[in-house]
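Quick note: numbers below take in every heavy atom, side chains included, and nothing from hydrogens, waters or symmetry partners. Below, chains carry the letters A, B, ... as their sequence lines are ordered, and counting in each starts from 1. Predicted, not measured: the structure shown is a model, and the values here were computed from it.
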Number of protein chains: 2
Amino acid sequence: MLKFIVTMITISKEDYLKEIYALSLFTDEPVSTSKIAEKLNITNAATSDMAKKLSALDLLSYEKYKGVKLTEKGRTIALNTIRRHRLWETFLIKTLGLNWGEVHDEAEVLEHQTSEFLMDRIDQFLNFPEFDPHGDPIPTKEGLMPVLPEVVCLTEAEIGKTYIIQKVDHDNKEVMDYFTKLGIELYSEIALEDRMKFDNSVFVSINNIRHTFSQQVASKLFVVNKNI
Amino acid sequence: MLKFIVTMITISKEDYLKEIYALSLFTDEPVSTSKIAEKLNITNAATSDMAKKLSALDLLSYEKYKGVKLTEKGRTIALNTIRRHRLWETFLIKTLGLNWGEVHDEAEVLEHQTSEFLMDRIDQFLNFPEFDPHGDPIPTKEGLMPVLPEVVCLTEAEIGKTYIIQKVDHDNKEVMDYFTKLGIELYSEIALEDRMKFDNSVFVSINNIRHTFSQQVASKLFVVNKNI
DNA sequence: CAATAAACTTAAGCATGCTTAAGTATATTA
DNA sequence: TAATATACTTAAGCATGCTTAAGTTTATTG
């Protein structure tokens, strides 16, 4: 049984819910506590503990040894946290001219500290954007996720075709800084010229300049066919 | 003796240091723990406890039953927190058009959560302002406080003279919203027409419109002589 | 100047969120 | 299917920052 009363949504709890949401995106299976622990860089023990607390708050369902699943209530909080994160990123890029690699860490802390009033004003200032500067959809205030165009990862794209960059995985700052240095932006045109069988490196052309990306770097870019 | 090790600057600690700085502004006397407790709306016990911790960190000197005084190190942290607060206020007003009453509470949480990098970018964006939208000086990155022009409180001003509003005490949101509603802004011209002996109400004229302010409301406004 | 009031501190305790160490359940494999 | 490895949970403990209750010091006043 729980040893104490759990009442408040805290920064930690928002981070758990956000991470569980991300880990649930492509599966219907419950998320294991160890997977969460790994992502949040804490021990399994801490995650088990928190699972009980969040379960007591009806933010997720938790079966011992089986893992965790968000409830509607938990999903709503996760989406709202993601919303605040992505609005902050958009706002900082728009007002201060920060670049792809600079916004994530800032938004990571600001997302937990912003009143609904301020978030609404930022949303309005940005004219209610559907996508953030990395191409990720911004959940609406009502918790609806705008639908991203059907994208394909650059590692899976067809040789000889020209694409538009529609989304970028920005979990790695170093790679983002590299893209910024090359002048690559969202909605840049990118022609996939060839792929090397040896290690799946790709040869691309962006703004008429040729680049070679390793498979790992290419896997960060998601594109749509230019002629759609 | 302290029961445990104290290492980190936390949000709470920044709030203590900021409050002690504010309470030390017009006196050389040590600040009593009860005064701090009252301002921060916590118990004296908590303040005594924290005094020991901050003293262990060499952020203030603390003599039991005598009160507390910031060290240079503590003063630096307080000033930096105030700097972040006032830059945020200035930024939110400039970008989002928030008004006098709307920024304080937002800045109060954001001030603790902003990297030096982001603060520098905001500072640069605002062109290194010396004063915030309430007329308060913004400490520089080096911890220097810009010198405010010699102001006088409206409660002490001379009848018959015309002044410029140079600073506003914005600790009360209701009063700020009232000023906003009247269209009163920083650097507005204000003519002091009369003062009632009964309760020290003042009759003023701003933008050619007459207002009556209670002494309490008037005490929020600080002015300089128009013809200087 | 002693009694008392006011101010302040200490002690014990609790909520949060983490850790390490030990214990239990599930999965694997011989 | 029993032994063992892996995954997961529980228990104990600690740092932070607060509370209430009890104890101590300083200030006040008759």
Side-chain angles (χ1 to χ4, degrees), chain A residues 1-20 23 27 29-69 74 77 81 108-109 112-113, chain B residues 1-20 23 27 29-69 74 77 81 108-109 112-113:
Chain A
M1 219 25 238
L2 265 193
K3 273 156 275 155
F4 29 73
I5 299 133
V6 184
T7 48
M8 297 273 293
I9 293 294
T10 60
I11 293 174
S12 279
K13 294 201 181 83
E14 284 185 349
D15 278 333
Y16 275 93
L17 294 172
K18 203 166 59 118
E19 198 55 59
I20 295 164
L23 290 170
T27 172
E29 294 298 297
V31 178
S32 71
T33 49
S34 57
K35 195 77 203 163
I36 301 165
E38 183 198 327
K39 288 282 187 178
L40 295 178
N41 203 21
I42 53 176
T43 59
N44 286 6
T47 311
S48 284
D49 226 51
M50 185 57 94
K52 280 188 270 177
K53 292 179 190 170
L54 293 174
S55 167
L57 287 169
D58 192 31
L59 299 175
L60 46 78
S61 58
Y62 169 48
E63 241 188 294
K64 282 207 294 191
Y65 296 99
K66 292 284 161 55
V68 127
K69 248 184 179 170
I77 292 174
T81 307
E108 200 64 28
V109 295
H112 301 295
Q113 300 292 162
Chain B
M1 218 25 236
L2 265 192
K3 272 156 276 156
F4 28 74
I5 299 133
V6 184
T7 48
M8 297 274 289
I9 293 294
T10 59
I11 293 174
S12 280
K13 295 201 180 82
E14 283 185 351
D15 278 333
Y16 275 93
L17 294 171
K18 204 165 58 119
E19 198 56 58
I20 294 164
L23 291 170
T27 172
E29 296 297 298
V31 178
S32 72
T33 49
S34 58
K35 195 77 204 163
I36 300 165
E38 182 198 327
K39 287 281 187 179
L40 295 178
N41 202 22
I42 52 176
T43 59
N44 285 7
T47 311
S48 284
D49 227 51
M50 185 58 95
K52 279 187 272 177
K53 292 179 189 171
L54 294 175
S55 168
L57 287 170
D58 191 31
L59 300 175
L60 46 78
S61 58
Y62 169 48
E63 240 189 294
K64 282 207 292 190
Y65 297 99
K66 291 283 160 56
V68 127
K69 248 184 180 172
I77 292 175
T81 308
E108 198 65 29
V109 295
H112 302 295
Q113 299 291 164

A:N44, nearest nucleotide to its side chain (from D:dT9, C:dC18, C:dT9): D:dT9

Is B:Y16 near enough to D:dC18 that one of its side-chain N or O atoms lies under 4.0 angstrom from OP1 or OP2? yes

Side-chain N or O of A:K64 less than 4.0 angstrom from OP1 or OP2 on D:dT10? yes

For B:T47, report the nucleic acid contact type (base, sugar-phosphate, nothing); a contact means any heavy atom under 4.0 Å. nothing

Donor-acceptor check, side chain of B:T47 to backbone of B:T43, threshold 3.5 angstrom: yes or no? yes

Separation of atom CG in A:D49 from atom P in D:dC14, rounded to whole Å: 16 Å

How many Å lie between CE on B:M50 and P on D:dT16, as a whole number? 9 Å

What is the distance, to the nearest angstrom, from the CD atom on A:E38 to the C1' atom on C:dC18? 18 Å

If you measure from the Lys or Arg side-chain nitrogens to the Asp or Glu carboxylate oxygens, is any gap between A:K18 and A:E108 under 4.0 Å? yes

Quick check for you: among C:dA21, C:dG17, D:dT20, whose closest atom lies nearest to any side-chain atom of B:T43? D:dT20

Closest-nucleotide 5' rank along DNA chain C - winner of A:M8 and A:A46: A:M8

Quick one: is C:dA27 close enough that its OP1 or OP2 comes under 4.0 Å of any side-chain N or O from A:Y65? no

What is the distance, rounded to the nearest whole Å, between atom NZ of B:K35 and atom C1' of C:dA6? 15 Å

Round to the nearest Å and state the distance from A:K66 atom NZ to D:dT9 atom P. 11 Å

Among C:dG17, D:dC18, C:dT9, find the nucleotide with the atom closest to the side chain of A:K53. C:dG17

If I take atom OH from residue B:Y62 and atom CD1 from residue B:I20, how far apart are they, to the nearest 0.5 angstrom? 11.0 Å

A:K52 side-chain N/O to D:dT10 phosphate OP1/OP2 under 4.0 Å: yes

Does a side-chain N or O of B:T33 approach OP1 or OP2 of C:dT9 to a distance below 4.0 Å, or not? yes

To the nearest Å, give me how far apart CG (B:L57) and C1' (D:dT16) are. 12 Å

Just wondering, do A:V68 and A:I36 contact through their side chains at under 4.5 Å, heavy atoms? yes

So what does B:S12 hit on the nucleic acid, given a heavy-atom distance under 4.0 Å: a base, only sugar-phosphate, or nothing? sugar-phosphate

Please classify the nucleic acid contact of A:K13 as base, sugar-phosphate, or nothing, using heavy-atom distances under 4.0 Å. sugar-phosphate

Give the nucleotide from the list D:dA11, D:dT19, C:dC18 with an atom nearest to the side chain of B:I42. D:dT19

Residues B:T10, B:S12; criterion side-chain hydrogen bond (donor to acceptor under 3.5 Å, both in side chains); working and verdict: CA-CA 5 Å; B:T10 59; B:S12 280; 4.9 Å; no

